[in-house]
There are 2 protein chains.
Amino acid sequence: MNDADAWPTGLPVRADGRRTHEHLLVAAQKTFAEQGTDASLREVARRAGVSIATLYRHFPTREALLQTLLQHGFDKLRARAADLIASLDPGQALVAWIRELALVSARYDGLPASVMAALQDPGSTLHSSCAGLRAAADDLLARAQRSGHIRADLDADQLLAAVNAMAWATRQASWTADAGDRFLSLLIEGLTARPIRPT
Amino acid sequence: MNDADAWPTGLPVRADGRRTHEHLLVAAQKTFAEQGTDASLREVARRAGVSIATLYRHFPTREALLQTLLQHGFDKLRARAADLIASLDPGQALVAWIRELALVSARYDGLPASVMAALQDPGSTLHSSCAGLRAAADDLLARAQRSGHIRADLDADQLLAAVNAMAWATRQASWTADAGDRFLSLLIEGLTARPIRPT
DNA sequence: ACCTGAACACCGTTCAAGT
DNA sequence: ACCTGAACACCGTTCAAGT
């Protein structure tokens with residue numbers, strides 16, 4: 001019941017606990033992939049072969065589960081930002097990163113909404129990961145804007161919202177893979193600065 | 001129980017029935033506005049002061065409720081398409097219509113998703129309204145594309161998805177009104193055809 | 001013609017009790 | 001240290017029974 005009863009290191013110490021942990025993650029991965037991020041947690045527990053109370057013991061919130069499933073992808077994405085800045089010009093770096101972010105965000109139905117919610121809610125277990133994404137977006141965007149290739153009337157939060165919106169659109173119908181690319185290319189064209197045209 | 005027991009004309013015939021109908025609509029409007037399109041229907045019934053079974057008698061599905069709330073807006077939007085085609089050049093007509101559609105679609109949280117679902121599901125009560133929107137979008141888009149002002153690699157379904165995605169984005173954070181405009185302008189810039197640039 | 005109470009199967013969340 | 005059954009308050013949906 002008390003805090004000392006929680007996982008000391010972030011992982012269960014006993015072998016049976018670690019097996020349960022792993023089973024829960026596999027079950028959650030499958031269930032979220034099939035039914036989206038707001039699938040039934042009872043269903044996840046059922047697939048893992050444990051009680052719903054056990055799921056709650058290992059992952060106190062749905063976001064904690066998501067965080068564990070997504071952390072690797074998010075961390076890599078943050079690192080990618082640095083790589084891209086080093087190897088490409090500012091505009092191309094931003095565009096390449098946006099494409100990778102959209103892929104991660106479209107992994108589960110409902111994930112774009114979860115990411116947007118986590119950005120705003122400091123209490124979410126996903127919050128620090130998403131704040132990391134914002135920091136990366138901020139870097140890339142600021143450079144691209146200074147270079148003059150990207151419109152200036154946009155901040156990192158709006159950029160993340162727009163990318164997630166495209167990931168959302170991709171998930172809304174059963175489209176071919178390159179329909180997803182098309183949504184993204186719409187956004188990217190829209191981001192690109194160009195001479196003023198008559199309105 | 002049988003079909004003859006349903007509303008013969010689409011409206012209750014007795015005065016008390018019509019009052020209940022109206023109360024349900026007012027309650028649904030408020031509840032959806034506050035909590036989004038997937039708010040509790042029991043809550044709606046509670047606010048209307050009737051039993052949940054009565055709500056189901058008047059509106060057999062959540063979509064039926066939405067359809068009644070949105071039909072006016074959707075019908076006007078279809079008519080607007082004809083007006084805009086008559087009074088503006090093809091590119092401007094499409095852009096103006098897109099702005100109006102985005103306003104309607106952002107009325108409730110969750111509405112963009114409902115619209116996308118209704119487009120794909122012929123069984124949805126919202127389907128015919130949404131199919132009407134697609135027909136309008138089809139007209140406007142085809143003309144704009146023939147005029148050469150709008151990129152050609154896009155169909156009406158993808159256009160509707162993209163506009164709804166921007167409505168979705170606007171709803172995801174508590175943004176100022178013109179952040180919504182900015183999302184839309186990103187899309188509109190992206191739609192606009194322009195000379196090929198080096199990739 | 002219209003309304004309701006009650007039921008059913010589900011869900012998220014918590015807690016005392018077991019090993 | 002770890003797991004479970006059972007409870008609570010909710011939800012969507014349906015149906016028999018009332019006026």
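Throughout, protein chains are lettered first and strands after them, A, B, ... in sequence-line order, and every chain is numbered starting at 1.
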Heavy atoms under 4.0 Å is the rule here; annotate nucleotides 8-14 of chain D 5' to 3' with B where the base is hit, S where only the sugar-phosphate is, and - elsewhere.
---BBBB
Looking only at side-chain N and O atoms, does B/Ser51 offer a donor or acceptor that is under 3.5 Å from a partner on B/Arg57?
no
Do A/His58 and A/Pro12 touch side chain to side chain, with heavy atoms closer than 4.5 Å?
yes
Only one of A/Gln71, A/Glu63, A/Gln67 forms a side chain to side chain donor-acceptor pair (under 3.5 Å) with A/Ser129, so which one is it?
A/Gln67
Expressed as a whole number of angstroms, how long is the span from B/Arg57:CZ to C/dC3:P?
7 Å
Hey, is the side chain of A/Thr20 poking within less than 4.0 Å of OP1 or OP2 on D/dC3, counting only N and O atoms?
yes
Going by an N to O cut-off under 4.0 Å, is there a salt bridge joining A/Arg47 and A/Glu34?
yes
Between C1' of D/dC2 and NE2 of A/His21, the distance in whole Å
14 Å
Would you say D/dT4 has OP1 or OP2 under 4.0 Å from some side-chain N or O of A/Thr54?
yes
Whole-Å distance between C/dA1 P and B/Arg14 CZ?
9 Å
How are the rings of A/Phe183 and A/Trp175 set relative to one another: parallel (under 30°), tilted (30 to 60°) or perpendicular (over 60°)?
perpendicular
What I want to find out is whether A/Glu22 reaches A/Arg19 closely enough, with some N-O distance under 4.0 Å, to be called a salt bridge.
no
What I'd like to find out is whether the side chain of B/Leu77 reaches to under 4.5 Å of the side chain of B/Leu101, using heavy atoms alone.
yes
Can you see if the side chain of B/His58 gets near the phosphate of C/dC2 - specifically, an N or O under 4.0 Å from OP1 or OP2?
no
Expressed as a whole number of angstroms, how long is the span from B/Leu55:CG to D/dC15:P?
17 Å
Would you kindly say whether A/Ser185 and B/Arg151 are connected by a side-chain donor-acceptor distance under 3.5 Å?
yes
note: B/Arg19, atom CZ; C/dA1, atom C1'; distance rounded to Å ~ 14 Å
Dot-bracket for DNA chain C: what is it, with Watson-Crick or G-U pairs under 3.5 Å, [ ] where a pair crosses earlier ones, and | for a pair to another strand?
||.|||||...|||||.||
Checking B/Arg62 against B/Ser124 for the side-chain hydrogen bond (donor to acceptor under 3.5 Å, both in side chains) test, could you report, in this order, the C-alpha distance in whole Å, the side-chain angles of both residues, the deciding distance, and whether it holds?
CA-CA 10 Å; B/Arg62 169 179 250 110; B/Ser124 164; over 6 Å; no
